[in-house]
Amino acid sequence: MAKPDWEKRARFAEAYADSGNATQAALSAGVPQSSAHSMGYRWLRDPQVTEMIRNAMNDRLKALGPQAVGVIKELLLSDNVSPQLRLQAARDVLDRLGWVPPKRPDPIREPAERELTELSRYELETLASGNPYVRLDDESLKMMASQS
């Protein structure tokens, strides 16, 4: 059985990352025209070759990073684009920096007319103190519930 030709497979992976065409990539790797299509198909199913392709594509994407940042910067600073586009560019920059906007607090809602026994602990504390952040002890809550 013939040993795998890793140099050809590596050339195939590089060519495939550039073209996305398995037959053309196999030809670029030195595979004869007569078997280029089937060899390209077979190599695309080889986990080691697909890992080489993934690495080659990641290298190409990393090389585009500075240009992508430049485009976002240009959009962000340009007066010739819509405010919506500038806002999206700003959000993209903040997102890449890991900034997360603070969540808005839930408004405190007045409890509907219900019996005290139907209210949650949070609703009872809010009702009793007027402040949702003041916690009442269990005895006080039991006493309030029994008085109603």
- With hydrophobic residues grouped by side-chain heavy-atom distances under 4.5 Å, do Val93 and Leu75 end up in a single group? no

Tabulate below the donor-acceptor pairs under 3.5 Å that side-chain atoms of residues 31-40 make, not counting sequence neighbours, or state none.
{"from": "His37", "atom 1": "ND1", "to": "Thr23", "atom 2": "OG1", "distance (Å)": "3.1"}
{"from": "Ser38", "atom 1": "OG", "to": "Ser35", "atom 2": "O", "distance (Å)": "3.2"}

- Please confirm whether the backbone N or O of Ser78 pairs with a side-chain atom of Arg86, one donor and one acceptor, at under 3.5 Å? yes

- Query: Side-chain heavy atoms under 4.5 angstrom apart, residues restricted to Ile, Leu, Val, Met, Phe, Trp, Tyr: same cluster for Leu97 and Ile72?
  - Reply: yes

- Trp6-Tyr16 co-clustered via ILVMFWY side chain contacts under 4.5 Å: yes

- Quick one: which residue pairs count as a ring-ring contact (aromatic ring centres under 6.0 Å, His included) with a foot in residues 41-70, not counting sequence neighbours? Phe12-Trp43

- Message: So for atom CZ, which belongs to Arg60, do other residues, nucleotides or ligands contribute more than 12 heavy atoms lying within a distance under 6.0 Å?
- Response: yes

- Measuring from Leu27:CG to Asn21:CG, what's the distance to the nearest 0.5 Å? 8.5 Å

- Item | Reported CG-to-CG distance for the pair Asp92 and Leu76, which is rounded to 0.5 angstrom | 10.0 Å

- Query: Ala29 and Arg11: which non-hydrogen atoms are nearest, and at how many Å?
  - Reply: O-NH2, 2.7 Å

- Task: Sort and list the pairs that fulfil salt bridge (Lys or Arg N to Asp or Glu O under 4.0 Å) and have at least one residue in residues 45-55, not counting sequence neighbours.
- Result: Arg9-Asp46, Glu51-Arg54

- Heavy-atom closest contact (Ala13 atom, Ala56 atom, distance): O-CB, 4.2 Å

- May I ask whether Leu85 and Val71 are part of the same hydrophobic cluster, defined by side-chain heavy atoms of I, L, V, M, F, W, Y residues being less than 4.5 angstrom apart, directly or through others? yes

